[in-house]
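Single-structure report; data block below.
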Amino acid sequence: GDQGLPSELVQAEEAIRAAVAQGQPAVALVWIGSNDLFYLYEYNDPDSAAEQADLDNYGRNLDTILGRLTQAGARVLIAQLDDQSLRPVVTRGEAFPGISTAEIAQMSEQVKRYNALIVEKAAGYGALVVDFYHTTIFTDASTLADDGNHPNPAGYDKVASTWFAILQAIL
C-alpha cells in the first residue's frame with residue numbers, strides 16, 4: 001500500500017498515531033513546494049498548460065499528505081510559500097541559470113496559484129495556514145545566508161517564531 005510514498009510521510013503517520021494513542025496532542029507542520037517551483041522552471045520551459053499540470057500534481061500531493069496526516073489524528077498546520085522569484089539567489093542569477101527573466105515572472109504568478117491552492121486544501125482538511133508569503137525572511141539580507149536562498153540563524157529564528165505564533169493559538 002505504501003509503495004512510492006515518501007518514507008517521511010509514513011514515519012509521520014506512525015509518530016502521530018503513537019502520540020494520539022498516548023493521549024498527547026499531535027501537530028504536523030507541512031511546508032512544501034519551494035523546490036517544486038525551482039525545478040519546474042530550471043529544467044523545463046513550461047507553458048500555461050504545463051503550469052496547470054504542475055499545479056494539479058501539487059494539489060494531488062497536498063491531498064495525499066493532508067489527508068493522511070489528518071486521518072492519523074494530527075492537527076495540521078501548512079505554510080504558504082514565499083515568492084521564490086524574489087530571493088537573491090534567483091534575482092542575482094547565480095544558482096538557477098536555466099530560469100529566464102520571463103520565467104522568473106511566471107514563477108511569481110505560479111507561487112500565487114500554489115498559495116491559493118494551499119488555502120483551499122487547508123480549508124478542506126481543517127488545517128491552519130501559516131503565511132510566509134508576506135514575510136521578508138527570504139529577501140532580507142539580515143535573515144538570509146550568503147547563498148541568497150536559505151535562512152541564516154536569525155532567519156531560522158523568524159521561521160520558528162512564525163510557526164510558534166500559530167501553535168500558541170491552538171495549544
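When atom types are taken as modelled, the side chain of Arg87 and the backbone of Asn149 share a donor-acceptor pair closer than 3.5 angstrom. Side-chain N or O atoms of Asn152 include one that pairs as donor or acceptor with a backbone N or O of Leu144 at under 3.5 Å. A donor-acceptor contact shorter than 3.5 Å is absent between the side chain of Glu13 and the backbone of Leu69. A distance-only check finds a donor-acceptor pair linking the side chain of Thr64 to the backbone of Arg60 [under 3.5 Å]. Remark: side-chain polar atoms of Gln80 are not paired, donor with acceptor, to backbone N or O of Val130 under 3.5 angstrom. Proximity of a side-chain donor or acceptor of Asn44 to a complementary backbone N or O of Leu40 within less than 3.5 Å is detected. Under a 3.5 Å cut-off, the side chain of Glu103 and the backbone N or O of Ser100 do form a donor-acceptor pair.
Contact detail for Pro151 and Tyr156: the closest heavy-atom pair is O-CE1, 3.1 Å. Of all heavy-atom pairs spanning Ile104 and Ser85, the tightest one is O-CB, 3.3 Å. Across Ala28 and Ala74, no two heavy atoms sit closer than the pair CB-CB, 4.0 Å. Taking each heavy atom of Val119 and Val129 in turn, the nearest pair found is CA-CG2, 4.3 Å. Heavy atoms only, all atoms of each residue included: Arg92 and Asp146 are closest at NH2-O, 3.4 Å. Contact detail for Glu51 and Gln106: the closest heavy-atom pair is OE2-NE2, 3.0 Å.
Counting heavy atoms from C-beta on, the side chains of Val30 and Leu77 never come closer than 4.5 Å. For the pair Leu117/Lys121, a side-chain contact is recorded, criterion being any heavy-atom separation below 4.5 Å from C-beta on. Taking 4.5 Å as the limit, every side-chain heavy atom of Asp82 sits out of range of all side-chain heavy atoms of Ile137.
Looking at residues two or more places apart in sequence or on another chain, you find a side-chain hydrogen bond (donor to acceptor under 3.5 Å, both in side chains) between Tyr125 and Asp63. The side-chain hydrogen bond (donor to acceptor under 3.5 Å, both in side chains) test applied to Lys158 returns no partner, not counting sequence neighbours. Under the side-chain hydrogen bond (donor to acceptor under 3.5 Å, both in side chains) criterion, Ser142 pairs with Asp140, not counting sequence neighbours. Partners of Glu109 by side-chain hydrogen bond (donor to acceptor under 3.5 Å, both in side chains), not counting sequence neighbours, listed by chain and number: Lys112. Partners of Tyr58 by ring-ring contact (aromatic ring centres under 6.0 Å, His included), not counting sequence neighbours, listed by chain and number: Tyr114.
Taking CG of Leu128 as the reference point, atom CD1 of Ile166 lies at 6.5 Å (rounded to 0.5 Å). One finds the CG atom of Asp54 at 5.0 Å from the CD atom of Gln110 (value rounded to the nearest 0.5 Å). Rounded to the nearest 0.5 Å, atoms CD (Glu120) and CG (Leu62) are 10.0 Å apart. Note that the CG atom of Asp36 and the CG atom of Asn57 stand 8.0 Å from one another [nearest 0.5 Å]. Rounded to the nearest 0.5 angstrom, Asn61 CG and Asp56 CG are separated by 11.0 Å. Taking CD1 of Ile32 as the reference point, atom CG of Leu81 lies at 8.5 Å (rounded to 0.5 Å).
Cluster annotation: Phe164 and Leu29 are assigned to distinct hydrophobic clusters (Ile/Leu/Val/Met/Phe/Trp/Tyr, side-chain heavy-atom contacts under 4.5 Å, transitive).
Cluster note: Tyr39 groups with Tyr43 through ILVMFWY side-chain heavy atoms spaced under 4.5 Å, whether in direct contact or through intervening members.
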Run Arg75 and Ile170 through side chain to side chain contact (heavy atoms under 4.5 Å, CB included) and show every step you take. CA-CA 9 Å; Arg75 181 68 192 267; Ile170 64 167; 3.8 Å; yes

List the steps and the verdict of side-chain hydrogen bond (donor to acceptor under 3.5 Å, both in side chains) for Tyr41 and Gln84. CA-CA 11 Å; Tyr41 296 100; Gln84 286 90 16; over 6 Å; no

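Ring geometry, Phe132 versus Trp31: the interplanar angle falls under 30°, so the pair is classed parallel (tilted spans 30 to 60°).
Of the candidates Asp83, Leu86, Leu37, Asp83 is the only one forming a side-chain contact (heavy atoms from CB on, under 4.5 Å) with Ser108.
Gln71 and Arg68 are not linked by any side-chain donor-acceptor pair at a separation below 3.5 angstrom, with hydrogens and angles left out of the test.
For an aromatic pair to be called close, the ring centres must be under 6.0 Å apart, and Phe96 with Phe38 satisfies this.
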